Amino acid sequence: MEKKYDHRLVEYGKYDYWLKNDLFKSGDLNKKPFSIVIPPPNVTGKLHLGHAWDTSLQDIIARYKRLKGYDVLWLPGMDHAGVATQAKIDARLKEQGINPKSIGRDKWMEYAWSYKEEYANIIRKQWSNLGLSLDYSKERFTLDEGSSNAVNKVFIDLYNKGYIYRGTKPINWDPIAKTALSNIEVIYKKTKGNMYYFKYMFPNSDQYIEVATTRPETMASDKAVVVNPKDDRYKNIVGKSVISPLRKELIPVITDEYIDISFGTGAMKCSAHAIDDFDILKKNNIEIVESIDTNGILNDYALEFSGLTREEARIKIVEKLNKEGLITKIEDYNHEVGYSERTDAVIEIMIMPQWFVKMDGLSKALLDVQSDKEKKVKFVTSRFEKILINWMISIQDWCISRQVWWGHRIPAWYKDDQVKVQIESPGLEWTQDEDVLDTWFSSALWPFSTLGFPNKTNDLERYFPIDIMVTGYDIIFFWVARMMFQSIEFMNNIPFKEVLIHGLVRDKNGKKMSKSLGNGIDPMDVIEKYGADSLRYFITTNTAQGMDLRYDEEKIKSTWNFINKIWNASRYVEMNLNNESELSVIDKWILFKFNNKVKSITKNMDKYDFQNVGSELYEFIWNDFCDWYIELSKVHLNSKVLKYILFSILKMLHPFMPFVTEDIYMNFENKSIMLEEYPKYDKELNYKNEYKLIEDLKEYIIKVRNIKLEYSITKDALIEYTCKDEFVLKILNKLLKLDDYFKYNDENMNKISIISDNKDITINYYINENVIDDTKEIEELKLSIERRKKLLSNEGYVNKAPKNIVEEERLKLEEELIKLNNLEAK
RNA sequence: GGAGGAUUAGCUCAGUUGGUUGGAGCACCUGCCUUACAAGCAGGGGGCCAUAGGUUCGAGUCCUAUAUCCUCCACCA
């Protein structure tokens with residue numbers, strides 16, 4: 001082995017080796033199945049650190065389960081990401097001087113598919129760099145034939161069941177992407193603006209009602225002024241008419257409970273471009289006319305402001321109405337404005353025919369399942385379930401049609417005012433709906449569409465429901481919820497038994513990583529610099545479940561050091577291969593300790609508690625294995641145990657650091673570590689006494705080292721000790737590096753410390769310079785004894801605390817009394 | 001407005017169903033190039049666990065307030 005760990009050398013070629021040997025392939029029917037389906041990344045771009053985290057967690061589970069003897073299916077795939085991808089493709093076409101709309105749908109689709117292939121290749125390369133053990137023979141795409149069949153089947157069924165309908169309602173419109181969006185694709189951001197107060201004049205009068213608005217550009221659509229029926233200020237004007245400031249039309253003053261008396265002037269104007277306005281106008285049977293078009297430009301209804309953008313129109317309208325003396329005041333006002341998640345355009349509320357999924361029945365079914373402890377999806381961590389439930393309870397219908405090309409075309413056909421929902425064209429005179437479905441509509445079917453739905457396939461039979469879904473909390477609403485209700489509806493079952501929810505990656509200062517802040521980190525750069533193993537171990541073990549992760553390069557460096565440590569420990573083992581000998585106390589100590597680690601690590605692996613696994617492995621490897629066992633092995637070497645511990649460590653690390661563990665293992669065994677078994681707890685290895693002896697010895701050695709350093713005792717000063725057990729003596733000589741200064745049976749020995757209840761290995765020592773001051777230690781010990789005595793004489797404690805805990809306290813007290821005795825005897 | 005978090009060493013974070021003397025990494029101090037590793041070894045210092053009450057024999061952990069910060073949801077014009 002090389003003297004230093006070189007991640008590039010180690011990681012080079014491994015992934016191809018695994019692929020060539022089909023080590024990621026599923027389908028061994030002799031084993032129990034375990035299934036994971038990757039959350040499909042968008043084909044719009046490269047993977048970021050969040051993906052690296054998400055997929056590393058899955059890979060850890062997949063590799064762990066394989067070592068545990070499962071037939072693991074980890075199914076890869078990607079998402080067509082409708083609106084997002086279309087925006088990118090259009091942008092690229094424009095760069096090439098091509099107008100995307102003018103080339104026609106079919107030609108455009110050709111471009112789109114080649115774009116998709118390009119990014120799919122980048123993503124696959126990134127997966128390979130991360131070392132993800134995906135079964136590529138099962139790879140899927142949300143827009144492939146099978147997925148399209150699933151989408152059509154679900155759409156048509158839901159339509160026939162009355163869950164999908166076409167309706168003309170106010171929807172969120174993205175004027176840049178020129179498509180409808182669902183509610184959750186709208187991001188509300190606090191935005192600086194103004195509150196404008198306008199006079200709505202009564203005809204032939206100088207009386208007016210003052211109305212506040214943040215959006216003067218919608219005023220051409222004003223069709224009513226609403227006040228609260230309980231508002232005394234306006235009682236006698238309800239039912240009268242006022243003049244709309246812009247179009248100078250007579251519009252009624254009406255009432256609605258919705259109006260907050262204390263807000264603004266207590267009077268609100270109703271236009272077409274707000275959902276509440278729409279509802280109120282509709283309720284009152286008042287005409288609704290839009291004055292903004294799908295490009296976000298004012299239309300002819302806005303008279304001389306036609307052709308202006310919303311922003312321009314706002315300024316001009318305020319200018320004009322101000323000249324007319326219709327503005328009473330303008331205040332600074334910060335409020336929530338909706339932006340498109342994809343294009344960051346300010347959302348416009350438009351009234352148009354769109355397709356919707358009616359949510360009440362589907363959400364109720366989901367809530368019913370989650371209230372059943374036997375049937376429910378288990379959330380790790382559980383608090384995210386509450387978030388989902390709260391959202392499901394107040395959910396509104398889901399707008400699923402999108403006015404783009406990149407997606408599943410809606411299987412609806414029109415002829416005059418007739419609608420037919422089916423896959424095949426009903427005839428020549430019929431035309432198909434131009435729209436496609438929300439990308440999340442197909443993602444929602446992912447756990448079963450990837451396994452063959454709507455066909456009844458062996459894969460569905462064997463691998464569904466998925467054993468675990470791993471995803472970030474940011475897409476619980478977008479994805480987790482929708483997978484759940486679609487699966488409950490169509491598979492009559494939950495889509496996955498468990499869902500492991502992780503947080504977001506933040507930068508060193510705790511800020512969310514984003515393109516606009518420019519604080520994003522490319523995982524491929526990290527891999528180049530420190531290796532995939534370092535990155536993976538860092539992202540998966542540095543945070544508690546469900547918490548956000550702060551990216552810190554220093555921590556990746558220290559992971560690299562950890563791997564280098566493992567590397568060097570392996571080199572030591574390699575250099576000491578052929579030293580077969582009897583099991584010594586040391587060997588029994590490490591075997592006992594390791595055996596217990598296996599037990600607790602396995603338990604934590606099964607709980608997906610990787611932070612704990614990480615620190616347990618770290619601690620065991622660095623402190624127990626390297627600092628003590630390897631050092632002790634220099635006194636007495638048993639290469640069989642040395643190898644056993646090393647190999648076991650490698651197997652337990654393998655899910656986290658697949659490359660370096662494979663590399664080291666191959667170096668010894670010439671066989672892939674992936675084909676091995678995870679270490680098992682062995683109740684035969686019950687070397688309690690040997691364990692206790694070495695632990696005591698460690699304590700003693702640390703104490704002497706401390707004394708040496710504290711009193712600057714070098715070899716010139718003397719520490720002398722005797723011990724009837726020659727083996728223990730050898731250990732002391734080696735670890736305390738005082739070979740030349742030990743004596744046997746010195747009668748003048750005046751300082752004694754018993755380090756074990758085994759009389760045969762009692763150690764006597766003294767330091768001939770009389771500089772050691774034990775008074776502090778004695779005092780502390782006395783205090784501790786006091787505390788313990790008091791505790792044990794507390795009746796409440798003795799009676800109510802668990803017996804084993806009280807017993808432990810008694811034992812500790814006894815030990816302390818013995819210690820005190822020894823110290824004072826000097 | 002509603003909901004979910006967070007607050008523990010200088011920094012970043014752990015802390016299991018409450019068990020009595022609260023951990024790790026980094027940073028810091030001291031001494032070491034000891035034949036696996038100086039990207040290392042050995043040793044050490046450093047905490048009123050945000051605040052105030054409560055429950056309990058016992059609270060970092062459970063309950064109730066308060067403060068500060070973060071995130072999500074929601075149609076206040």
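Below, read A as the first sequence line, B as the second, and so on, with proteins coming before strands; counting in each chain starts at 1. Being a predicted model, the structure only gives us computed values, none of them experimental.
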query: What orientation do A:F620 and A:F625 show, parallel under 30°, tilted 30 to 60°, or perpendicular over 60°?
result: parallel

message: Taking 4.0 Å as the cut-off, does a side-chain nitrogen or oxygen of A:R383 come that near to OP1 or OP2 on B:G5?
response: no

field: Which residue lies more 5' along RNA chain B, comparing A:N623 with A:A212 via nearest heavy atoms
entry: A:N623

Heavy-atom side-chain contact between A:T661 and A:I566 under 4.5 Å: no

- prompt: Do A:Y258 and B:C75 have a side chain to base donor-acceptor pair shorter than 3.5 Å?
  reply: yes

message: Rounded to whole Å, please give me the gap between CG in A:D277 and C1' in B:C76.
response: 12 Å

- prompt: Between A:W560 and A:Y530, does the ring centre distance come in under 6.0 Å?
  reply: no

task: Can you sort out the partners of A:F647 under ring pair (Phe, Tyr, Trp, His ring centres under 6.0 Å), two or more places apart, ordered by chain and number?
output: A:Y665, A:F668

- prompt: Which letter, B, S or -, goes with each nucleotide of nucleotides 37-43 of chain B from 5' to 3', with contact meaning a protein heavy atom under 4.0 Å?
  reply: B-BSSBB

- prompt: Quick one: are A:E2 and A:W567 in side-chain contact, heavy atoms under 4.5 Å?
  reply: yes

- prompt: Please, what dot-bracket string fits RNA chain B when only Watson-Crick and G-U pairs with both distances under 3.5 Å count, crossing ones use [ ] and pairs to another strand use |?
  reply: (((((((..((((.....[...)))).(((((.......))))).....(((((..]....))))))))))))....

query: So, for A:Y200 and A:Y208, is the gap between ring centers shorter than 6.0 Å?
result: no

query: So, is A:Y572 near the phosphate of B:U35, with a side-chain N or O under 4.0 Å from OP1 or OP2?
result: no

- prompt: Rounded to whole angstroms, how far apart are CZ on A:F384 and P on B:C73?
  reply: 14 Å

query: Just how far, in rounded Å, is C1' of B:G25 from OH of A:Y618?
result: 6 Å

message: Could you tell me how far apart A:Y188 (OH) and B:A3 (C1') are, to the nearest whole angstrom?
response: 18 Å

message: Over all strands shown, is A:G193 touching base, sugar-phosphate only, or nothing at heavy-atom distances under 4.0 angstrom?
response: nothing

message: Roughly how many Å apart are B:C62 and B:G23, using the C1' atom of each and rounding to a whole number?
response: 22 Å

query: Any luck finding a side-chain donor-acceptor pair between A:N194 and A:Y196 under 3.5 Å?
result: yes

query: RNA chain B: A:N390 or A:K512, which has the more 5' nearest nucleotide?
result: A:N390

query: Do the ring planes of A:F610 and A:Y608 sit parallel (below 30°), tilted (30 to 60°) or perpendicular (above 60°)?
result: perpendicular

task: Grab the CG-P distance between A:D552 and B:C26 for me, whole Å please.
output: 12 Å

